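A quick write-up on the structure given underneath.
Lettering follows sequence order; numbering is per chain, from 1. Because the structure is predicted, anything quoted here is derived from the model rather than measured.
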Protein chains: 2
Amino acid sequence: MSKGERTRAVILDQALAMTSTDGLTGLTIGTLADRLGMSKSGLFAHFGSKEMLQAAVLDRAAELFADTVVRPALQQPRGLPRVLALFENWIRWTLHPVLPGGCPIQAASIEFDDRPGPLRDHIRQHQEDLRRVIMGAVRRAVDEGHLRADLDVEQFAFEGMSLCYGFTQIYRLFQDPKAESWVRLAIQGLVERHRT
Amino acid sequence: MSKGERTRAVILDQALAMTSTDGLTGLTIGTLADRLGMSKSGLFAHFGSKEMLQAAVLDRAAELFADTVVRPALQQPRGLPRVLALFENWIRWTLHPVLPGGCPIQAASIEFDDRPGPLRDHIRQHQEDLRRVIMGAVRRAVDEGHLRADLDVEQFAFEGMSLCYGFTQIYRLFQDPKAESWVRLAIQGLVERHRT
DNA sequence: TAATAAAACGAACGGTCGTGCTATTGTCAA
DNA sequence: TTGACAATAGCACGACCGTTCGTTTTATTA
C-alpha cells in the first residue's frame, strides 16, 4: 500500500466521522484538513473535487455498514436466523454507532432525495443493495420452510426496514432507551406473524 | 395585520419551500432574499439572526403539518376512525407534499439529532407533540372499545410512526409507487391485529 | 545514491456566508 | 398633513467556501 493510498484511507476515516454528524453537505475540506493537520490543497488533490470526496465517503460508509451489519449476519445459517441477525445487527448499529453521528447513508438519503446527480445515484444504489440483501435472506427463509410460503417478501422487507429506519430516527433524536424494546418487539412480532 | 407581519409571512412561505429541499442548514439568507426580490439586510431585520429564522421556519412547518394532517383528522369521530385518519393524512402528506422537498421537520430531525441547541429542542418538541396526539387518539380508540383493552399504546404508536417515517424515506428517495400500497397494508395490518 | 514521480504545501482566486451599520423609503395614527 | 416610527436598502466587514497554481518536500525505484 503506497503512501497516497494510506493517506487517503486516513482522510476518509475522519471524513466519515465528520459526515455522520454534519451531513454530506456539512462536510468541509478546510476543517477536515485542519483536523488531520494537513493543508487544504494537499487533501484536495486526493479527490479532485468535493463531489468525488463525498462519493468516496458514501462508498466507505457502505463498506462499513456491510462489515458491521451484513457480513456477520451472512455467517449465520441461512433462513430465519440470518434474517433475525440482519435486523439485530442493524439495531445494534444504531444503538452503538461506530460513527459518532449515526448512519451517514440514512442521513444522506434524506439530504439528497431532492437533489438529482451522481451522489443521489450512489445513495440509491447502496439502499437498493441493502434491500436486495434483506429480500434475499427472507426469500431463503421461505425456501427453508421457516417462514410461510405465501409471504409477500417485498412487503415483509418494507415493514422490517421501515421499523429500523423509524427506530434510528426516534432513538437518535430522543435517546430514549424505550425505543430499543419497541423495535425489538416490533421485529419479533413481524417475524412471529409469518412463521410456519 | 401590519405590513411587517405580512412580509414576514411571505418570507416564511418561501423559506419553508427552500428548507424542504435544502434543509435547515442549506437555507440561506442571500438566496432567500434574491428569490423574494428584496435585500439581504431588509430580510435579515425581520428575524435578528439566522437561528431565529430557522426556528420560525420550524414552527411554521409544524403549523402546516397540523393544518394538513392533524386538524382534519381530529374532525373524524373519536376512536378508530380518528386514528386511521391520522395515518392516512400523514401518508397523503408524503404522497402529495405541500412543500416541494417533503417534510422539513423529518429532515431537520436527522440533520440536528447530533447538534445540541435551541433548534434541536424545537424539533424534539414538535415530534413529541405529534407522538402525544397519536397516542391520545389511540388511547381513546381503546376507551371506545375499538381496539383491544390490553393494547400497549406506546408500542402501537411507535410501530405506526415508524412505518410512516420509513415510508417517507423510501418513497421520497425512490419515488416507487409500490411503497404506497406497502405502507397502507402495513398500517391496516397493525390496526387489524389489535382490533376487538 | 541519483533520477524520477508522487505527495503535500502556501498563497491566492472569486464567491458566498451571516452580520453589523447608516441612510433612505414607506406606513400609519394624531 | 405632518411627525414618529417601522421597514427596507446599500454597503462593508471578516470568515470560510471550493478550487487553482507553482513550488517544495518526500517516496519510490533504477
Side-chain angles (χ1 to χ4, degrees), chain A residues 1-19 21-58 60 104 108 111-112 115-120 122, chain B residues 1-58 60 104 107-108 111-112 115-120 122:
Chain A
M1 182 147 99
S2 74
K3 173 98 199 295
E5 286 168 332
R6 249 176 294 137
T7 315
R8 201 186 137 101
V10 172
I11 294 173
L12 279 179
D13 276 353
Q14 190 67 46
L16 219 56
M18 217 170 133
T19 299
T21 61
D22 302 337
L24 262 192
T25 311
L27 175 64
T28 233
I29 295 176
T31 52
L32 182 56
D34 278 352
R35 289 199 197 172
L36 291 163
M38 68 185 296
S39 66
K40 269 207 300 181
S41 52
L43 191 156
F44 184 86
H46 281 271
F47 302 93
S49 75
K50 174 162 188 192
E51 198 175 48
M52 287 188 185
L53 166 64
Q54 291 170 314
V57 166
L58 277 176
R60 184 81 194 82
E111 206 178 346
F112 281 83
R115 308 191 205 172
L119 289 179
R120 189 176 69 172
H122 268 243
Chain B
M1 184 145 103
S2 75
K3 173 97 198 296
E5 286 167 332
R6 248 175 295 136
T7 314
R8 201 185 137 103
V10 172
I11 295 173
L12 280 179
D13 276 353
Q14 189 67 46
L16 218 56
M18 215 170 136
T19 300
S20 81
T21 61
D22 302 337
L24 263 191
T25 311
L27 175 64
T28 233
I29 294 176
T31 53
L32 183 56
D34 278 352
R35 290 200 197 173
L36 291 163
M38 66 186 295
S39 68
K40 267 208 302 180
S41 51
L43 191 155
F44 184 85
H46 281 272
F47 302 93
S49 76
K50 173 160 189 192
E51 199 175 48
M52 286 188 187
L53 166 64
Q54 291 170 314
V57 166
L58 278 175
R60 184 81 194 84
E111 206 178 347
F112 280 83
R115 309 191 204 172
L119 289 178
R120 190 176 67 174
H122 268 244

Open item on the list: On DNA chain C, does the nearest nucleotide to T25(B) precede the nearest nucleotide to I11(A) from the 5' side, or the other way round? Give the residue.
Closed with: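 Its nucleotide being nearer the 5' end, the pick is I11(A).
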
- [ ] Starting from the 5' end of DNA chain C, give me the residue, G30(B) or G37(A), whose nearest nucleotide shows up first.
- [x]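 Here G37(A) is the residue nearer the 5' end.
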
Open item on the list: Applying a 4.0 Å non-hydrogen cut-off, can you work out what A45(B) is touching in the nucleic acid: base, sugar-phosphate, or nothing?
Closed with: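 Counting heavy atoms under 4.0 Å across all strands, the contact made by A45(B) includes a base.
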
TODO: Report which part of the nucleic acid L27(B) touches: base, sugar-phosphate, or nothing (heavy-atom distance under 4.0 Å, all strands).
DONE: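 The residue L27(B) makes sugar-phosphate contact but no base contact.
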
Open item on the list: Ignoring hydrogens, what is the shortest heavy-atom contact between L119(B) and A55(B)? Give both atom names and the distance.
Closed with: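 The answer is CD2-N, 3.7 Å.
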
TODO: Measure across Q14(B) and L36(B) and return the closest heavy-atom pair with its distance rounded to 0.1 Å.
DONE: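 In terms of heavy atoms, the two residues are closest at CB-CD2, 3.9 Å.
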
Do [X] and [Y] touch side chain to side chain, with heavy atoms closer than 4.5 Å?
X	Y	value
T25(A)	F112(A)	yes
V57(B)	F47(B)	no
Q54(A)	T19(A)	no

Open item on the list: At less than 4.0 Å, is any side-chain N or O atom of T28(A) found next to OP1 or OP2 of dG18(D)? Yes or no.
Closed with: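 It does, given that an N or O in the side chain of T28(A) lies less than 4.0 Å from OP1 or OP2 of dG18(D).
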
Task: Atom-pair distance (CG on L43(B); C1' on dA7(D)), nearest Å - done: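 Computing the L43(B):CG to dA7(D):C1' distance gives 12 Å.
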
Open item on the list: Can you measure Q54(A) atom CD to dG18(D) atom C1' for me and round it to whole angstrom units?
Closed with: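 In whole Å, dG18(D) C1' lies 11 Å from Q54(A) CD.
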
Open item on the list: Need two values: the first and the last nucleotide of DNA chain C, 5' to 3', having an atom under 4.0 Å from any heavy-atom of chain B.
Closed with: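 For DNA chain C, the relevant span reads dC17(C) to dC28(C).
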
- [ ] Before giving the answer on side chain to side chain contact (heavy atoms under 4.5 Å, CB included), spell out for R115(A) and R120(A) the whole-Å C-alpha distance, their side-chain angles and the decisive distance to 0.1 Å.
- [x] CA-CA 7 Å; R115(A) 308 191 205 172; R120(A) 189 176 69 172; 5.9 Å; no

TODO: Could you tell me which residues satisfy side-chain hydrogen bond (donor to acceptor under 3.5 Å, both in side chains) with H46(B), sequence neighbours excluded, listed by chain and number?
DONE: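 If we apply the side-chain hydrogen bond (donor to acceptor under 3.5 Å, both in side chains) test to H46(B), skipping adjacent residues, there are no hits.
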
Task: Trace of the side chain to side chain contact (heavy atoms under 4.5 Å, CB included) decision for D22(B) with T31(B) - done: CA-CA 12 Å; D22(B) 302 337; T31(B) 53; over 6 Å; no

Open item on the list: Walk along nucleotides 19-29 of chain D from 5' to 3' and tag each nucleotide B, S or - by protein heavy-atom contact under 4.0 Å, base first, then sugar-phosphate.
Closed with: BBB------S-

